[in-house]
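Since the structure comes first, as structure tokens, the remarks are kept for the end.
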Amino acid sequence: MRRARFARAVENVGGEAQTVSIREALWFGVRAPETSDEASLSDWRVGGLDHVALLLGVTHLLIVGACTALFQTRVFGISSDNPLIPAALVILCDIVAAALLMNRKRLNLSSHTVVRGLCVYLAIVGVLWTWFGISVQDDQFIYPIAAAPIAMSAGIAMGAVVSIQSPPLIITNMLTSAFAAIMLSQGPLVPVAVEILSLALVAYSIAGSRSFMRAGRRRLNLDAEARKALNFVEEFENSGRGWFWETNAEGTLSYVSQQLADDFRCEAPELLGRQFSDLLSAETSHGKTLGFHLSARFPFSDVVVTAASDEDIHWSLSGNPIFDERGRFLGFRGIGTDLTEQRRSEQEITRLARFDSLTGLPNRAMMRQTLDEALRNASSRQKGCALFLIDLDRFKNVNDTLGHPVGDALLRQVADRLKLAMGDHGQVGRLGGDEFKAVLPGQVDIGLLESLARTMIEQVSRPYSIEGHRVVIGASVGIAIGDPGRCTADSLVRDADLALYAAKDAGRGKHCFYEQAMHTEASDRQVLENDLRQAIDKGELWVAYQPIVRTAGEEISGFEALVRWDHPVRGRISPDKFIPLAEECGLIPRIGTWVLETALEEAARWPDQVRIAVNLSPIQFNDPGIVEIVSNALTRTGVRANRLELEITEGVFLAEGESTDDTFGKLKDLGVRLALDDFGTGYSSLGYLKKAPFDKIKIDQSFVRGAASKTSRNSAIIRAIVTLADSLQMETCAEGVETHDDLHLIRDLGCSHIQGYIFGKPMEGESARALASKTTVVPDGYQSLREPRQRLMRRAMASIDGEVCEVRLRNISAMGALVECSRAVAPGTRVAMDIVGAGPIEGTVRWAQSGKFGVQFNDVFVMSRLAPKKEKLNDVQMLQPWYVGQKAAS
């Protein structure tokens, strides 16, 4: 087994491994060369065979020549015992063997084949020598002379064979020479000597061969291990994962990988002989330098160092001291790992964890840390801290219309403007999406905060130019001020968030400071949300029905189902308050389904021609199961599909897609009617009317109320909507009709249906059931619309016919007021008044009675002028300038 392993080692290391067999390795002894170069053992071995063949050929040539000279008389004789024939054959065999050996590579002969061929060659030569001896044995005087050259030939051949330690060649040659010597010699000394010499050489060859095999095996194993280790080192260094280094006892480099030299932009030999600690001189995290570790002569690991010439390059070093067998210190040997990319990656990860990748501003986590630090400083320095929450207005439209790349570019420009507006007053960061945050440590000056907020809004609202597009957006700002030591980061963020909601509710593009009432309102909103979740189960919700009348005959066309909430504590809560809340908290699908089913159950009791209209919120409409919900409700109540009219607002088109068109189509397949509610108040895109299969357009009450006024343009808008609906073969319904003047106008403009208080307010199911059975409905309401009035009394100074007197105003509206006056006034009298806190106004007296008259203002009076001012003056101070002016005029 050991020899077999050795043979496999020879196959793995030597050349021509495919032709070297185990048997050849066992019997063809190998004497390893003195140098470990790349030459194959097979080539070296054949070189020895070539040497043997040369010696044999020369020796045989000399012997044949001598024998031919001694037997001149018989050389040219032709007989069966003529020695010329075997001698010539010997020479011919020598020439053939030499030619084959010299051209073995060209003939592609393996070393194993050459060895076997030489054995055959020697056997043939032995037979020819025996023939030669028999041919000359009658010449007795030649025996001693011939035996000496034969023995000399055998000795020279065996000596040459010993140089390559080949037992087969030695044995074959010795036996041949011994047999020839026995045949030619008359005495026993020569054969015996030849046999002893042959046996000695064979024993020496076998022993030497085994010794050389053991030595060769050891050297081959060492060479294989060395090559393997060298391959590992090269692969490790070439992988870029690390490098090796070695120093002598003085700390100078004696070996270093090329990778470290590449970092220093030089060749590896240029670093040899330099102090290792001079190249890497940075301190570690424990305050110990590389020189300290090298001088301590103790193993060390994971020591982080930097290049003395470039601190951006980092390495991790590990090393072990080297001692000889006597304990003398020889230096250090270790490995190094490049940490530069790892450090850069860690820094990038840290940056991404603290800063926004899009805008470069601090992110949510970093801004929270900044706010915490600002509050701690405010507590220690007894200074407040302000927080801005900034939300962009109309940013979603930019993303939806121009795409997210333009939106990202817009956010980057917004970030630059916010940083510029904030300056050194605080830190601006991005929370995510279109939300930004600003922390202003130590800032509590209301005037400064208002100025910064206005500046931010103005800067953000300026137009942007992005990829050839002109983009205009806005911003709303919520501001909260934290008292030192009294607030936390969470409470300050909550307050600023409430202020931001208030700013948005105020019309966007505004800034708003947090007030305690906002928190109270938010808490109340939360309580109201919890109550709303239980309202259905407790039976607090109910459905009211408002009649819809045909304009032509004033008969009942149908009813609109309106949800109402009677709170057990708060009383009746307006739908304008709880419907948006239901949409935000996700209750609207449940409430909407309940209203639909309840309304259809009630409609099943009405005459068959009376329809029921149910509002469908955008959230309900976008529900994939809405068609199934409507279908199940119709099936369960037995109401015909064309009696159900679903009122849909333009909000459903905000998320317009294939599902929207598919839902419209499925609802129409059910046979239900579709009405576009609140037309004109939303986005009012005529494309909706072209694509959606609406049966009716409902004109919003904001266009209907006061449409009969001569100063209103609403009548023109209503006329245009009616004309458009007629062209599209759609019905129209005017909402909010309350006066006879508006009713006459709507009828004249051609609206097909009317809905409003003039025909009835929302009522309970029983009242609606009774009204549905009537043929016609009589309108009941004011003749004309009365303007909103301020019922609080206001004092004023009036100039009537050049006389100044004090009056009192009641029921003040935008067009006139009731005036209490001590003097008599005739209708048509012109009056100039200065209302306390509201300013001057002129008008004409329309009617007069004892102690009072009605005045109609010449110009529309702005009711907001009656709002109380922050700085109030007494009546004398406010009236004094006007009174002096009137006196001077009179």
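Keep in mind that this is a model prediction, so the values were computed, not measured.
Annotation: the span from M456 atom CE to I390 atom CD1 amounts to 4.5 Å, rounded to 0.5 Å. Distance CZ/R673 to CZ/R643: 13.0 Å, rounded to 0.5 Å. Taking CG of L392 as the reference point, atom CG of L411 lies at 6.5 Å (rounded to 0.5 Å). With rounding to the nearest 0.5 Å, the separation of CG in L818 from CH2 in W847 is 5.0 Å. Residue L492 holds its CG atom at 10.5 Å from OH of Y514, rounded to the nearest 0.5 Å. Atom CD1 in I746 sits 8.5 Å away from atom CG in L743 (nearest 0.5 Å).
Just one of Q755, E560, E735 meets the side-chain hydrogen bond (donor to acceptor under 3.5 Å, both in side chains) condition when paired with Q546; it is Q755. Only one option out of V398, V406, I473, V472 pairs with Y464 in a side-chain contact (heavy atoms from CB on, under 4.5 Å); it is I473. Exactly one of V630, I626, N632 qualifies for a side-chain contact (heavy atoms from CB on, under 4.5 Å) with E628. That residue is N632.
The 12-atom threshold is not exceeded at CD of E764, counting heavy atoms of other residues, nucleotides or ligands nearer than 6.0 Å. No more than 12 heavy-atom neighbours from other residues, nucleotides or ligands sit within 6.0 angstrom of CD on Q729. No more than 12 heavy atoms of other residues, nucleotides or ligands shown are found within 6.0 angstrom of CD on E766.
Salt-bridge check for K666 with D662: passed, with a basic side-chain N closer than 4.0 Å to an acidic carboxylate O. A salt bridge is absent between K696 and D677: the closest approach of a Lys/Arg side-chain nitrogen to an acidic carboxylate oxygen does not fall below 4.0 angstrom.
D391 has its side chain within reach of D434: a pair of non-hydrogen atoms, C-beta onward, lies under 4.5 Å apart. Using a 4.5 Å heavy-atom threshold, the side chains of Y501 and L389 count as separate. Between V704 and N714, the closest side-chain pair of non-hydrogen atoms is not below 4.5 Å. Two residues are said to be in side-chain contact when any heavy atoms from C-beta on lie closer than 4.5 Å; L616 and L596 fail this criterion. Between V569 and D531 the shortest side-chain heavy-atom distance does not fall below 4.5 Å. Between F578 and V563 there is a side-chain heavy-atom pair separated by less than 4.5 Å. At least one side-chain heavy atom of P547 sits under 4.5 Å from a side-chain heavy atom of L771. Inter-residue side-chain proximity for K504 and D393 is flagged as met; some heavy-atom pair is nearer than 4.5 Å.
Listed for the D695 side chain is a donor-acceptor partner under 3.5 Å among the backbone atoms of L674. S752 contributes no side-chain N or O that, together with a main-chain N or O of E731, makes up a donor-acceptor pair within less than 3.5 Å. With hydrogens and angles disregarded, no donor-acceptor distance shorter than 3.5 Å links the side chain of S557 to the backbone of V549. In this structure, the side chain of N363 does not engage the main chain of D356 through any donor-acceptor pair within 3.5 Å. With hydrogens and angles disregarded, a donor-acceptor distance shorter than 3.5 Å links the side chain of T637 to the backbone of A633. Put simply, the side chain of R747 never gets that close to the backbone of G750: no donor and acceptor are under 3.5 Å apart. With hydrogens and angles ignored, the 3.5 Å screen pairs no side-chain donor or acceptor of D742 with any backbone N or O of E738.
Shown here for V610 and G558, the closest heavy-atom pair between the two residues is CG1-CA, 3.7 Å. The two residues V460 and G474 make their nearest non-hydrogen contact at CG1-O, 3.9 Å. Nearest heavy-atom pair across F857 and G816 is CD1-N, 3.5 Å. The two atoms that bring C751 and A734 nearest to each other are SG-CB, 4.2 Å, heavy atoms only. The nearest pair of heavy atoms linking A535 to W565 is CB-NE1, 3.7 Å. The two residues A599 and I612 make their nearest non-hydrogen contact at CB-CG1, 3.9 Å.
Ring orientation note: the planes of F559 and Y545 are nearly perpendicular, at an angle over 60° on the 30°/60° scale. By the 30° and 60° cut-offs, the orientation of the rings of H511 relative to F513 is perpendicular.
Legend: residues meeting side-chain hydrogen bond (donor to acceptor under 3.5 Å, both in side chains) with D608, ordered by chain and number and at least two apart, are R640.
Note that K761 lies in the cation-pi zone of Y757, set by a 6.0 Å cut-off to the ring centre and a 45° limit from the axis.
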Requested in this report: Given side chain to side chain contact (heavy atoms under 4.5 Å, CB included), test V627 with L667 step by step and report yes or no.
Outcome: CA-CA 6 Å; V627 178; L667 289 176; 4.1 Å; yes

Query - Steps toward side chain to side chain contact (heavy atoms under 4.5 Å, CB included) verdict (E540, D566) - result: CA-CA 5 Å; E540 298 174 5; D566 290 340; 5.7 Å; no

Requested in this report: Would you sort out whether D623 and I629 count as a side chain to side chain contact (heavy atoms under 4.5 Å, CB included), showing the intermediate values?
Outcome: CA-CA 10 Å; D623 184 359; I629 293 173; 4.2 Å; yes

Report task. Start with the C-alpha gap between V527 and R570, add the side-chain angles, then the distance that decides, and say whether side chain to side chain contact (heavy atoms under 4.5 Å, CB included) holds. Result -> CA-CA 12 Å; V527 173; R570 303 169 184 252; 3.9 Å; yes

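S702 and D700 share a donor-acceptor pair across their side chains, judged by distance under 3.5 Å alone.
The stretch residues 577-599 participates, sequence neighbours left out, in these side-chain hydrogen bond (donor to acceptor under 3.5 Å, both in side chains) pairs: R525-E584, D537-R590.
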